[in-house]
Engineer: 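Next up is a structure, given as structure tokens.
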Amino acid sequence: MIARIAWYVLVGFNCLTVAVLLVPLVVSVLVSFTPAEFVSLPETFSLRWYREFFGDWQWMESLSDSFVVAILTIIISVPIGTATAIAFTRYRFKWRAAASTVIMLPLFVPPVIIGLGSLTFHRAIGIWGTHFSIAVAHSLWAMPLVFIVLQSTLRRVDVSVEEAAAGLGASPVRVFFEITLPLVASGIFVGTLFAFIISMNDLIMALFLSTADIKTMPVVIWPQIRYLLTPIVAAASSVIIVITVGLLIVAARVTNIRRLADFRS
Amino acid sequence: MLASFGGVISRLGRDRLFLLLAPVVLFLLVFFLFPFVTLFRISFAVNEGGSGFGEGTLFYEAGTWTLANYIQFFTDRFFTDMALFTIQFGIMVGVIATFVSYLLAYQIYRSGPLMKSVLLLAVILPKFTNIIVLMYGLLVVFGRSGLVNDFLLWTGIINEPLQMLFNLFGVLLGETIIVMPYCVLVIVAVLHSIDDALLEAAEGLGASRARAFFEVTLPLSLPAVWVSLLLAFMWGVGAFASPYLLGNADLYTLSVEVDRQVNWRLNWAMGSTIAYVLMAMIIVLMYVYSRLQRESGARS
């Protein structure tokens, strides 16, 4: 009886937690449909702020900057993360556990430090102020994620299938492209989506690496949210939410979402 | 890239492992280690004190060595207070996020497949949306004339709107939401790895559900609690957006000060120094974390 009451209290508390997690997102989307001049829940539905958003060249430029950076992030992080995951799942070598910690290390470094470090270094080597510069910083977070996803996918692939193909005379390259790649395609796909999402949503590294010419969406939103709350920010945010959630749903359909929580192995 | 990579592999055969690892080693060396070295160097440079705008002005004087930045950091009350607050803030975030996450993780662990997916998605979603979107939503929901205040005023529970943002509550709220997903995932994973037979045995021996929880589930999931505390603490120490947007000047963390020094005062030398002090804190935490990981790994 007491256990049952305790369970209901727990569920009630968790409902509150989930509400606090989700309501801000839902509200951002709702506000974007307001016809009013100021931030408010809409009484009538209006696309006014979306028209302003898509009609403003500054916003459009930042949207395209964000896309270019995200795609470069994929190009950098997915091949590197995949190659590393293959090495970790198909070979035994010294210092493997330590090496794995080093690869994950960037995920634990505060983004402010990655941002400032990259800023000083990129200026020194002259790549500062390019899309590539921001993409490299984002890849420091995307690559370890691709690595984790691919590692768990590769572990589920039966090595004996690869060995059979090799035994039948296929070259290692052919084994990779004809056996391994199709079997881990879902992992690569999910890794790609993660890289894209990470890049689209990063504020802090981009804040340090952006210049007057190249500004990703979050960097453009940042000063507006601090000093003036207008519904156009909600519209801009909603565009990012729609892209992200859409991709997440695709990712969830490709793999089983529950597997993400299942990193026992 | 993969194609040419594969071509090289077949030619060299036995050096495959080396070739598979070369890209990641190069990448981390050049774009992760080198920036840290540069940052380290600059933290010992003399600050020029210029505005940084205009022709030829620098953000630090190249080629100079000084300990002045570190001395200033550790003697100036402004910085030491901020460092202390950052640590306190990390502890608060760690405790709150872990407590809330454990409750949610426990429900996820006990739920059916559908509920499990829904709850997990709800937890992961905020992590994959923009911090800014989250903050914006929080401003709208918890602000002075936000939804929560409107509701509480309407029900008559309060007569005056509550101040929920731009104070410690607001900053903790924002940061907890940011770090919670990781904590929940870590705890759920460990709860699932607990052998069901143990619980059945406990209940078979006559233990109540509650007793089985406190004597079997909770002790066995303690390693996850420690990992969660540390992760949340670590991210709390590095917090940036939440203190900046939802706090006030008294609630700024070291990360915020790095941004203010670098992007506002254009004092890169001081910014680098603060970044290094912050990094030192994180490294100590990382070490503790890896020790805990090893211990919990050895046990299960």
Side-chain angles (χ1 to χ4, degrees), chain A residues 2-3 6 10-11 13-14 17-18 20-25 27-28 31 39 79-80 83-84 86-87 91 93 101 103 106 108-110 112-113 116-118 120-121 124 136 140 171-173 176 197 201 203-204 218 221-222 225-226 229 233-234 237 240-241 244 248 257-258 261-264, chain B residues 1-2 6 9-10 16-17 20-21 23-24 27 31-32 34-36 38-39 42 100 103-104 107 116-117 120-123 126 128-141 177 185 188-189 193 208-210 234 238 240-241 245 255 258-259 262 271-272 275 278-279 282 286 290:
Chain A
I2 295 167
L10 176 86
V11 171
F13 186 83
N14 287 340
T17 307
V18 170
V20 172
L21 285 172
L22 294 184
V23 168
L25 302 181
V27 165
S28 299
V31 167
V39 173
I80 298 179
T84 314
I86 294 174
Y91 296 88
F93 49 92
T101 309
I103 290 167
F108 297 99
V109 177
V112 165
I113 298 182
L116 178 57
S118 299
T120 52
F121 179 66
V136 158
L140 285 171
S171 68
V173 189
F176 178 77
I197 292 169
N201 288 303
L203 157 73
I204 305 167
I221 298 177
W222 175 248
I225 202 172
R226 290 206 65 200
L229 276 176
V233 172
S237 305
I240 302 184
I241 293 186
T244 307
L248 260 186
I257 183 94
R258 263 168 291 144
D262 189 32
F263 35 71
R264 259 171 287 168
Chain B
M1 180 177 167
L2 264 180
I9 288 177
S10 66
R16 247 176 275 155
L17 174 64
L20 284 169
L21 288 176
V24 73
F27 176 69
F31 291 112
F32 189 54
F34 286 6
F36 271 92
T38 324
L39 205 57
I42 292 175
V100 177
L103 296 181
L104 192 56
Q107 193 188 341
K116 200 171 275 185
S117 300
L120 274 175
L121 199 65
V123 169
F128 278 107
T129 46
N130 218 301
I131 291 182
I132 289 192
V133 179
L134 245 170
M135 297 298 141
Y136 184 83
L138 288 174
L139 287 171
V140 176
V141 176
I177 295 178
L185 290 182
V188 167
S193 70
S208 67
R209 265 238 161 124
M234 229 152 56
F240 174 79
L245 277 181
S255 277
V258 171
D259 174 66
V262 172
S272 304
L278 183 57
M279 199 58 220
I282 306 270
M286 267 298 275
S290 69

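Protein chains get the first letters and strands the later ones, always in sequence-line order, with residue 1 at the start of each. Since the model is a prediction, treat every value here as computed from it, not as a measurement. Basis for what follows: all heavy atoms, side chains included, without hydrogens, waters or symmetry-related copies.
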Engineer: Sort A/I240 into side chain, backbone, both or neither according to what part of it lies under 4.5 angstrom from a heavy atom of chain B.
Structural biologist: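 Contact with chain B involves the side chain of A/I240 alone.
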
Engineer: Using heavy-atom distances under 4.5 Å, tell me whether B/F27 contacts chain A through its side chain, its backbone, both, or neither.
Structural biologist: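 B/F27 touches chain A through side-chain heavy atoms alone.
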
Engineer: Would you mind checking which part of B/I42 comes under 4.5 Å of any heavy atom in chain A, side chain (CB onward), backbone (N, CA, C, O), both or neither?
Structural biologist: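 For B/I42, the side chain is the part near chain A, not the backbone.
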
Engineer: Would you compute the distance between atom OG of B/S272 and atom CE of B/M279 and round it to the nearest 0.5 angstrom?
Structural biologist: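 It is 13.5 Å, given to the nearest 0.5 Å.
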
Engineer: Please classify the contact of A/F13 with chain B as side chain, backbone, both or neither, using a heavy-atom distance under 4.5 Å.
Structural biologist: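 Contact with chain B is through the side chain of A/F13 alone.
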
Engineer: Could you tell me which portion of A/V20 (side chain, backbone, both or neither) has an atom closer than 4.5 angstrom to a non-hydrogen atom of chain B?
Structural biologist: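 Both parts, backbone and side chain.
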
Engineer: Which answer fits A/V27, side chain, backbone, both or neither, if we ask what part of it has an atom under 4.5 Å from a heavy atom of chain B?
Structural biologist: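 Side chain only.
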
Engineer: Return the set of residues passing side-chain hydrogen bond (donor to acceptor under 3.5 Å, both in side chains) with A/N14 (not counting sequence neighbours), or none when no residue passes.
Structural biologist: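 Partners of A/N14 under the side-chain hydrogen bond (donor to acceptor under 3.5 Å, both in side chains) test: B/Q107.
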
Engineer: Using non-hydrogen atoms and a 4.5 Å limit, figure out which bit of A/T244 sits close to chain B: side chain, backbone, both or neither.
Structural biologist: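 Contact with chain B involves the side chain of A/T244 alone.
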
Engineer: Non-hydrogen atoms of chain A under 4.5 Å away: do they reach the side chain of B/F36, the backbone, both or neither?
Structural biologist: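 Only the side chain of B/F36 comes within 4.5 Å of chain A.
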
Engineer: Roughly how far apart are B/R16 CZ and A/F176 CZ, rounded to 0.5 Å?
Structural biologist: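 One finds 12.5 Å between CZ of B/R16 and CZ of A/F176.
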
Engineer: Determine the minimum heavy-atom distance between A/A83 and B/L20, stating which atoms define it.
Structural biologist: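 In terms of heavy atoms, the two residues are closest at CB-O, 3.6 Å.
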
Engineer: Enter the distance from A/S28:OG to A/I241:CD1 here, rounded to the nearest 0.5 Å.
Structural biologist: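 That separation rounds to 5.0 Å.
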
Engineer: Side chain, backbone, both or neither: which part of A/L203 has an atom under 4.5 Å from a heavy atom of chain B?
Structural biologist: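 Contact with chain B involves the side chain of A/L203 alone.
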
Engineer: Counting only non-hydrogen atoms closer than 4.5 Å, does A/V18 touch chain B with its backbone (N, CA, C, O), its side chain (CB onward), both, or neither?
Structural biologist: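 The side chain, not the backbone.
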
Engineer: Considering only heavy atoms, which portion of A/L22 lies under 4.5 Å from any heavy atom of chain B: side chain, backbone, both, or neither?
Structural biologist: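 Looking at A/L22, just its side chain touches chain B.
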
Engineer: Quick check on the interface: out of A/I86, A/I103, A/I204, who has the most heavy-atom pairs with chain B under 4.5 Å?
Structural biologist: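 Maximum pair count with chain B is reached by A/I204.
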
Engineer: Applying ring-ring contact (aromatic ring centres under 6.0 Å, His included), run through A/W222 and B/F240 and close with a yes or a no.
Structural biologist: CA-CA 12 Å; A/W222 175 248; B/F240 174 79; 5.8 Å; yes

Engineer: With a 4.5 angstrom heavy-atom cut-off, could you sort out which part of B/V24 is near chain A: side chain, backbone, both or neither?
Structural biologist: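 Its backbone and side chain both get close to chain A.
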
Engineer: Can you say whether A/T17 sits under 4.5 Å from chain B via the side chain, the backbone, both, or neither, judging by heavy atoms?
Structural biologist: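 For A/T17, the contact with chain B is made by the side chain alone.
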
Engineer: Is chain A contacted by the side chain of B/L104, its backbone, both, or neither, given a heavy-atom distance below 4.5 Å?
Structural biologist: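 Both parts, backbone and side chain.
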
Engineer: To check you understand the geometry: which heavy-atom pair defines the closest contact between B/P35 and A/T120, and what is its length?
Structural biologist: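 Closest approach of B/P35 to A/T120, heavy atoms only: O-OG1, 4.4 Å.
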
Engineer: Could you look at B/S208 and say if it's the side chain, the backbone, both or neither that has a heavy atom under 4.5 Å from chain A?
Structural biologist: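 Neither; nothing under 4.5 Å.
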
Engineer: Mind listing the closest non-hydrogen atom pair of B/V262 and B/G271 along with its distance?
Structural biologist: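 Of all heavy-atom pairs spanning B/V262 and B/G271, the closest is CG2-CA, 4.0 Å.
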
Engineer: Within the 4.5 Å heavy-atom criterion, are B/S255 and B/L278 side-chain neighbours or not?
Structural biologist: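 Yes, their side chains come closer than 4.5 Å.
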
Engineer: Closest heavy-atom contact between A/P24 and B/V141?
Structural biologist: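 Closest approach of A/P24 to B/V141: CA-CG2, 4.3 Å.
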
